[in-house]
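Each chain gets a letter, A, B and so on, in the order its sequence line appears, and its residues count up from 1.
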There are 2 protein chains.
Amino acid sequence: MKPKITLKDIAKELDVSISTVSKALKNSPEISKDTKDKIKAFAKFYNYRPNNIALSLKNKRTKNIGVVIPDIVHHFFTTVFRGIEKYANQKGYNVIVCISDESFDKEVINMEMLANGSIDGFILSLSAETQLKNDFTHLRELIDQGIPVVLFDRVTSEIDCDKVILNDKEIAFEATQHFINSGASKIALVTTENYFNVSEYRRDGYLSALSKNNIEVDDNLILTLPYNMKNDSLIRDFFKTRKIDAVLCVNEIFAVQCMNIIKELGFEVPDDISIIGFTNGMLSRYSHPSLSTVAQHGDIMGERAAQMLISRMESTEEEGPFKTEIINATLIKRGSTIN
Amino acid sequence: MKPKITLKDIAKELDVSISTVSKALKNSPEISKDTKDKIKAFAKFYNYRPNNIALSLKNKRTKNIGVVIPDIVHHFFTTVFRGIEKYANQKGYNVIVCISDESFDKEVINMEMLANGSIDGFILSLSAETQLKNDFTHLRELIDQGIPVVLFDRVTSEIDCDKVILNDKEIAFEATQHFINSGASKIALVTTENYFNVSEYRRDGYLSALSKNNIEVDDNLILTLPYNMKNDSLIRDFFKTRKIDAVLCVNEIFAVQCMNIIKELGFEVPDDISIIGFTNGMLSRYSHPSLSTVAQHGDIMGERAAQMLISRMESTEEEGPFKTEIINATLIKRGSTIN
DNA sequence: TATCAACACGAAACCGTTTTCGTAGTATTT
DNA sequence: AAATACTACGAAAACGGTTTCGTGTTGATA
């Protein structure tokens, strides 16, 4: 066991001052070549590395960024996270992850914990509870303290900061239009309770595509499901009792659940009923038939978010007004639609 | 914008010394009630929180743990991570995540980066490349420096440290036995190239179940697929050209790929061919029929790993010899097997 | 009245760096 | 020979805390 060596250790051993060692290792011209060589050799031999914590304290920045997401066993969030981690890593940053587990309290506590010096900035996606409560004082305080924050996907207009979002409405429009173009008119929407504002936007896109094509909206064709529950019977009932040509689902779990039940009821996918989901995850790729779906490009969202945050953190002057970047989703047409 | 307040600020404002402020906030009996009240009120008003970095430097521990995993868009690893994060959080630790992306270099660089004071210990699962190279000097050095390390799932016997693994062999045996019990004898194995030692253990379990039941091993019934590739044609060829009753797959992607192709070839699942996979993820749950699978209990693995690490980090004396904890997988019987 | 303990607080060291500034010694200039 | 300019280094402050130890003031004791 050989513990980490410090500047002080080197200084003592080589009988020079700490400052000299520090300067020598940074190749300062103040130090003579002889001394530098001696010190560098010694440092290399003992594998000296400066202590990050001491550096953080000195420089008043940690090179850590905090990522707070509602869930991690979740395809979209992991892809976003991967995008963040990759970019951050390139830029020499490390990433501290907290899972809010859709809880307001966990979100608040974790962020306050990290805000006390552990990180230089935050990237987060609001928890369901936070969106429900509509309470953003924790965010406001952080921003007030000068900590940069980037919101992604689950954002709020209440907070003025950088944001990265998907063009949810437009892509839902496009998906719905795709159904219409292929001859569907009884188009259903399977969505979550509306405290997720992304669901809201998707519904908007769905509705405006219908109205643009002069299709009357039928509330009976909109199924609202609780998030993350066993809802097979609701779905079965839904498809059994009405005539439906196509269904747009706001996530891939709903989409695959619908597909399984549709097939079980004896309908053919996509001939009788077409399906489009959101989230281009494993389920969409490997279901049978494979699911047409909206790819949210989480990697890109994550990368952009990290980029915005880091540029904000590293600029000394105020970097101008906050921006909202919109990531363009793409519709991936696969086996569950007529293309 | 009101920046963070420090002890020094409070001291100056209240015209006492820094030491007095520090002691007052820690409720030291050395300080009079009056002074304490005054200081506490002031601190509360300005929302004083001690700076984590300064504390870390002083205490020589960061309350951060580093988690290094090969991949994050991956059901098993995310469940393990969730287990780690949950336990760590309870214990007041934060988690820094690095994704090695199956690369040796990224694994090494990230760990060395973090080891310079940023974390108190590591939890990691080896990258594919690291396992291939069989080079663990980076781990050895960290352990040498006194940094506790816990390996999980993808471990190595070359390194002496705490470990958490699955009873891969036993559960593969059990799965194979389940096939045999339901009348199968032509039992296939679909596995990865063997630099993943977990695949190796699963193969062992498979083989020993066959031999225990006096079924001759047929190498033609073992399909080795490249990791993470398009391999539909290999699979199709495999099932088209031999008689198979049941197939054990070492992950759920292989399992669902096999199932889709089996169905496409006109066989019935499970009547003609039964399937068991590993990883109880979305694919297994939502495929049709749902897949019987080995639940690896990632949450529990993560929790145990975090537990071992934290207890190691917090014990001052040497905590005795390293342990290897074995998590018992369970076989979840669903629609893809005859139960 | 001298002694002593208790009280309440401050000074300073320390954690490991970086960086500014001061300075002894040597070399150059006039 | 005196003034000046480099060279090469060290002392010390600073980042923001904690903690040990020292000390001035007060009140009680002998």
Side-chain angles (χ1 to χ4, degrees), chain A residues 3-40 42-43 46-64 92 113-120 145-147, chain B residues 3-40 42-43 46-64 113-120 145-146:
Chain A
K4 281 256 135 188
I5 195 177
T6 70
L7 288 186
K8 197 200 273 191
D9 298 331
I10 303 183
K12 200 183 332 170
E13 211 62 36
L14 261 42
D15 215 53
V16 290
S17 77
I18 294 178
S19 352
T20 303
V21 179
S22 174
K23 289 170 192 164
L25 293 175
K26 309 202 101 187
N27 232 328
S28 159
E30 262 181 72
I31 308 297
S32 73
K33 181 159 186 328
D34 280 6
T35 314
K36 275 199 262 192
D37 287 350
K38 189 178 59 174
I39 292 177
K40 283 187 193 167
F42 189 90
Y46 284 100
N47 195 30
Y48 169 78
R49 295 275 177 276
N51 179 303
N52 290 332
I53 298 295
L55 285 179
S56 295
L57 185 58
K58 183 100 250 274
N59 301 332
K60 287 168 146 301
R61 48 151 227 217
T62 60
K63 288 248 163 190
N64 286 156
M113 181 74 219
L114 291 179
N116 299 318
S118 298
I119 51 90
D120 301 337
Q145 283 170 27
I147 301 179
Chain B
K4 281 256 137 186
I5 195 176
T6 70
L7 286 187
K8 196 201 272 192
D9 299 331
I10 302 183
K12 199 183 331 170
E13 211 63 36
L14 262 41
D15 215 52
V16 292
S17 76
I18 294 180
S19 355
T20 302
V21 179
S22 175
K23 287 171 192 164
L25 292 175
K26 309 202 99 187
N27 233 328
S28 158
E30 260 182 75
I31 308 298
S32 72
K33 184 162 185 323
D34 279 6
T35 315
K36 274 198 264 193
D37 287 350
K38 189 178 58 174
I39 292 176
K40 282 187 192 167
F42 190 90
Y46 284 100
N47 195 30
Y48 169 78
R49 295 274 178 276
N51 180 302
N52 290 332
I53 298 293
L55 286 179
S56 295
L57 186 58
K58 181 99 249 270
N59 301 332
K60 289 168 149 299
R61 45 147 232 225
T62 60
K63 287 246 161 195
N64 286 156
M113 180 77 218
L114 291 180
N116 299 318
S118 298
I119 53 90
D120 301 337
Q145 283 171 27

Between [N] ([atom2]) and [X] ([atom1]): distance, integer Å:
X     : N      : atom1 : atom2 : answer
A:E30 : D:dC6  : CD    : P     : 15 Å
A:I39 : D:dA8  : CD1   : P     : 13 Å
A:K38 : D:dC9  : NZ    : C1'   : 11 Å
A:K12 : C:dG16 : NZ    : P     : 11 Å
B:K58 : D:dT18 : NZ    : C1'   : 4 Å
B:D15 : C:dA8  : CG    : P     : 19 Å
B:I31 : D:dT19 : CD1   : C1'   : 12 Å
B:L25 : D:dG16 : CG    : P     : 16 Å

Categorize [X] for me: base, sugar-phosphate, or nothing, with a 4.0 angstrom heavy-atom threshold over every strand shown.
X     : answer
A:L55 : sugar-phosphate
B:T35 : sugar-phosphate
A:R61 : nothing

Practice prompt. Report the distance from atom NZ of B:K36 to atom NZ of B:K26, rounding to the nearest 0.5 Å.
Written response: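 Between atom NZ of B:K36 and atom NZ of B:K26 there are 13.0 Å.
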Could you work out which one of [options] sits closest to the side chain of [X]?
X     : options                : result
B:K23 : D:dT19, D:dG17, C:dT17 : D:dT19
A:K26 : C:dT18, C:dC9, D:dG17  : C:dT18
B:T6  : C:dG16, D:dC21, D:dG17 : D:dG17
A:P50 : D:dA11, C:dT17, D:dG16 : C:dT17

Fill in: Side chain to side chain, B:V21 and B:L14, heavy atoms closer than 4.5 Å
no
Considering just the side-chain nitrogens and oxygens of [X], establish if one lies under 4.0 Å of OP1 or OP2 belonging to [N].
X     : N      : result
A:K60 : D:dG16 : yes
B:T20 : C:dC9  : no
B:K8  : D:dC15 : yes
A:S19 : D:dA12 : no
A:S22 : C:dT17 : no
B:S32 : C:dC9  : yes

Practice prompt. Examine the side chains of B:S22 and B:S19 and answer whether a donor and an acceptor come within less than 3.5 Å of each other.
Written response: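 On atom types as modelled, these side chains do not qualify, holding no pair under 3.5 Å.
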Worksheet item: Taking the side chain from B:D9 and the backbone from B:I5, do they hold a donor-acceptor pair closer than 3.5 Å?
Response: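 No: the side chain of B:D9 does not pair with the backbone of B:I5.
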Discussion item. Closest-nucleotide mapping onto DNA chain C: is B:S17 or A:R49 further toward the 5' terminus? I mean the 5' end.
Written reply: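 Between the two, 5'-proximity favours B:S17.
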Worksheet item: Ion pair present between A:K38 and A:D34, side-chain N to carboxylate O less than 4.0 angstrom?
Response: no
Item to complete: Let me see the working for A:K4 and B:N116 under side-chain hydrogen bond (donor to acceptor under 3.5 Å, both in side chains), right down to the final yes or no.
Response: CA-CA 8 Å; A:K4 281 256 135 188; B:N116 299 318; 2.7 Å; yes
